[in-house]
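So the structure is just underneath, and the comments pick up after that.
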Amino acid sequence: LVEMLKKYHPIFVNVHFEHPTEITAESRKACEMLADAGIPLSNQAVLLKGINDDPKVLKELFHKLIQMRVKPYYLYQADQVKGTEHFRTTIEKGIEVMKNLYGFTSGMCVPQFIVDAPGGGKIPLVPDYVQYRTEESLFLENFEGKLVEYKNPIEAETVDAVAELKPKDRINGKMRIAVAFNLKKEAPTNQPEDAYAEFDDIAVPLA
């Protein structure tokens, strides 16, 4: 079979391993034969209640897959199939599992968590690491629970405006701004204090 398949590249093969105990000497040999023939291998697992809904079990599975050159590709939320309800976990459980994988092992060992929603296709879900936002930054929680700030890049229009400035008009990439104004006149005692707050006298040049 392998000799026949390698004549028709490119061929990609997805395999299904759900638990580390399924990686036996026989299944390892089969995957290694396909990989030796230049066929990229990916694994699609299903999150199963009481079987692999544990980060330690999945981490062991994904490490063993990588060792035999199989990339963990998808981790599926179990489909809504009649008679399989006892195997289904909640989506929250799946996100919790993923949160205990990101950062705790190599990114090569972490698949996408996917919900194959009826009528919606494959929808990836990841833990929400964004704690809050400001106009300039995102504040993110990393895998250790540490809050870190990530500054967004300057918009293209602002970058272009800064790029046109001469070096003497820049300080650390920021624009220097000059403000021209008239001194405020003192209002007579019979007028409000702000009588000349926005007054421009055409006879007086700008300061």
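It should be emphasised that the depicted structure is a prediction, and the values quoted were computed from it without experimental measurement. Values below: all heavy atoms of this structure, side chains included; hydrogens, waters and symmetry mates excluded.
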Using every non-hydrogen atom in the two residues, find where [X] and [Y] come nearest and quote the distance to one decimal.
| X | Y | result |
| --- | --- | --- |
| Ser27 | Thr24 | OG-N, 2.8 Å |
| Pro111 | Cys109 | CD-O, 3.6 Å |
| Pro72 | Met108 | CD-O, 3.6 Å |

For the [atom1] atom on [X], are there more than 12 heavy atoms of other groups (residues, nucleotides or ligands in this structure) within a distance under 6.0 Å?
| X | atom1 | result |
| --- | --- | --- |
| Arg133 | CZ | no |
| Lys29 | NZ | no |
| Glu136 | CD | no |
| Gln80 | CD | no |
| Lys49 | NZ | no |
| Met68 | CE | yes |

Is there a side-chain contact between [X] and [Y] in this structure, where contact means two heavy atoms from C-beta onward sitting under 4.5 Å apart?
| X | Y | value |
| --- | --- | --- |
| Leu47 | Leu58 | yes |
| Val130 | Tyr132 | no |
| Leu41 | Arg69 | no |
| Val110 | Met98 | yes |

* So, does Gln44 use its side chain to make a donor-acceptor pair with the main chain of Tyr74 at under 3.5 Å? -> no

**Asked** Does His16 use its side chain to pair, donor to acceptor, with the backbone of Val46 at less than 3.5 Å?
**Response**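 No.
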
**Request:** Kindly determine whether Glu60 and Lys64 satisfy salt bridge (charged side-chain N to carboxylate O under 4.0 Å, His left out), including the steps that lead there.
**Result:** CA-CA 6 Å; Glu60 181 185 352; Lys64 287 184 175 180; 3.1 Å; yes

Rounded to the nearest 0.5 Å, how far apart are [atom1] of [X] and [atom2] of [Y]?
| X | Y | atom1 | atom2 | result |
| --- | --- | --- | --- | --- |
| Ile95 | Ile91 | CD1 | CD1 | 7.0 Å |
| Glu26 | Cys31 | CD | SG | 12.0 Å |
| Asn152 | Glu149 | CG | CD | 10.0 Å |
| Thr89 | Ile51 | OG1 | CD1 | 11.0 Å |

Q) Does the salt bridge (charged side-chain N to carboxylate O under 4.0 Å, His left out) test come out yes or no for Lys99 and Glu141, once each step is laid out? A) CA-CA 11 Å; Lys99 195 168 185 178; Glu141 182 184 45; 3.7 Å; yes

*Compute the ring centroids of Phe143 and Tyr102, then answer whether they are less than 6.0 Å apart.*
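Between Tyr102 and Phe143, which both carry aromatic rings, the centre distance is not below 6.0 Å.
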
**Prompt:** Are Tyr73 and Leu75 in one and the same hydrophobic cluster, where Ile, Leu, Val, Met, Phe, Trp and Tyr link if side-chain heavy atoms are under 4.5 Å apart?
**Reply:**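 No, Tyr73 and Leu75 fall in different hydrophobic clusters.
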
